[in-house]
Amino acid sequence: VLGNPFPILPGHLTIARLHHLPQSIAENREMFLQVAEDFGPGMTIFYNGPQAGASAPDHLHFQAAPAGILPVEGEILEPRNRVRVGEFLGAVLWRSVGLGRGIIVIEGQEPGGVITALGEVIAALGRSVPPGDEPRMNLFCTHTGGGWRLLLFPRRKHRPDAYFREGDGRLLISPGAMDMAGLIITPREEDYRALDADLIGGIFREVAYDDAAVETLLALL
């Protein structure tokens, strides 16, 4: 457990695997939940996929930050912002409504059901990517004291087109987990000043699944 070298939040940590292994969540789901339980309800653990914001895609790592800081953590609990999809081996699946980017929520008290449900969602996402590639996603996990809550953001793209433009139209915004959770990280002052609600909404629409796409994905389960 390390202090993050470029902290975005107070108490921002990096949790790195001792051995050099690629960034991948499918085979490390149990570890992800265990880390969340070890840290407890006061911390949120998160994961950036290797093509969705990971700063070191060649080395397995999670990050942690104090729970409750990220806007989505409160938004997703409001009844108007989510719809129950069903139950899977004791884990309850929800999907977001009207938050500008599609979110899959998995909640459960038994780790086996949560781990299995997460694996099924990842497998469904994986049907749209080349074999061997991890589907693009950002993932959050909090142990609530009685169980786990996962927030999964399926991704269409790593970066919006504006990231690659030349000249004044360029925005150096490369959305990772923090951005998807509602904190847009701008490395330059001009990027900060250029942003408004419409531009942020456009970035979400470009890089994330929308509600309808998440609904279609979950129907595959």
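Because only heavy atoms are used, hydrogens play no part in the values below, and waters and symmetry mates are left out as well, while side chains stay in.
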Carboxylate-amine/guanidinium proximity below 4.0 Å for K157 and E206: yes
Does the distance from a Lys or Arg side-chain N to an Asp or Glu carboxylate O, for E189 and R193, drop under 4.0 Å? yes
Of the non-hydrogen atoms in [X] and [Y], which two are nearest, and what is the gap between them?
X	Y	result
G102	V214	CA-CG2, 3.7 Å
A67	P41	CB-O, 3.4 Å
G49	E134	CA-OE2, 3.7 Å
P135	G126	CG-N, 3.9 Å
L125	Y209	CD2-OH, 3.5 Å
I173	T186	CD1-CG2, 4.2 Å

Does [X] share a hydrophobic cluster with [Y], counting links as ILVMFWY side-chain heavy atoms below 4.5 Å and allowing steps through other members?
X	Y	value
L195	L172	no
I8	F153	yes
Y47	I103	no
I203	Y192	no
F46	L139	no

Checking the side chain of [X] only, and the main-chain atoms of [Y] only, is there a donor and an acceptor separated by less than 3.5 Å?
X	Y	result
N48	N138	no
R127	A124	no
N28	I25	no
E110	G90	no
R101	M180	yes
E73	L70	yes
D191	P187	no
R17	L60	no
S96	L99	no

Any non-hydrogen side-chain atom of [X] less than 4.5 Å from a side-chain atom of [Y]?
X	Y	answer
L171	L199	yes
D211	R95	yes
L218	I104	yes
E120	L220	no
V35	I15	yes
L13	M43	yes
Q23	D58	no
F39	V1	yes

Would you call the rings of H143 and W148 parallel, tilted or perpendicular, where under 30° means parallel and over 60° means perpendicular? perpendicular
With a cut-off of 6.0 Å (strictly less than), are more than 12 heavy atoms of other residues, nucleotides or ligands near [atom1] of [X]?
X	atom1	result
Q109	CD	no
D196	CG	yes
F164	CZ	yes

At what distance, to the nearest 0.5 angstrom, does [atom1] of [X] lie from [atom2] of [Y]?
X	Y	atom1	atom2	value
I185	D179	CD1	CG	5.5 Å
F88	L221	CZ	CG	6.5 Å
I115	Q34	CD1	CD	9.0 Å
E30	T116	CD	OG1	10.0 Å
D210	E215	CG	CD	10.0 Å
T142	L150	OG1	CG	8.5 Å

Residues R159 and S174: side-chain donor-acceptor under 3.5 angstrom: yes
Is it true that the side chains of H12 and Q63 contain a donor and an acceptor less than 3.5 Å apart? yes
Just checking F32 against F62, ring centres under 6.0 Å apart? yes
Side chain to side chain contact (heavy atoms under 4.5 Å, CB included) for V83 and V97? Distances and angles first, verdict last. CA-CA 7 Å; V83 171; V97 177; 3.3 Å; yes
Please determine whether side chain to side chain contact (heavy atoms under 4.5 Å, CB included) holds for the pair E87 and V92, giving the CA-CA distance in whole Å, both sets of side-chain angles, and the decisive distance to 0.1 Å. CA-CA 4 Å; E87 192 169 312; V92 179; 4.3 Å; yes
Start with the C-alpha gap between R82 and V105, add the side-chain angles, then the distance that decides, and say whether side chain to side chain contact (heavy atoms under 4.5 Å, CB included) holds. CA-CA 9 Å; R82 66 181 191 170; V105 183; 3.9 Å; yes
Sole candidate of T44, I76, I45 that passes side chain to side chain contact (heavy atoms under 4.5 Å, CB included) when paired with F140: T44
Take I106 and L152 through the side chain to side chain contact (heavy atoms under 4.5 Å, CB included) test and state the conclusion after the steps. CA-CA 8 Å; I106 304 173; L152 190 151; 5.7 Å; no
The test is side-chain hydrogen bond (donor to acceptor under 3.5 Å, both in side chains); show your working for W94 and E107 and say whether it passes. CA-CA 8 Å; W94 308 75; E107 296 176 323; 3.0 Å; yes
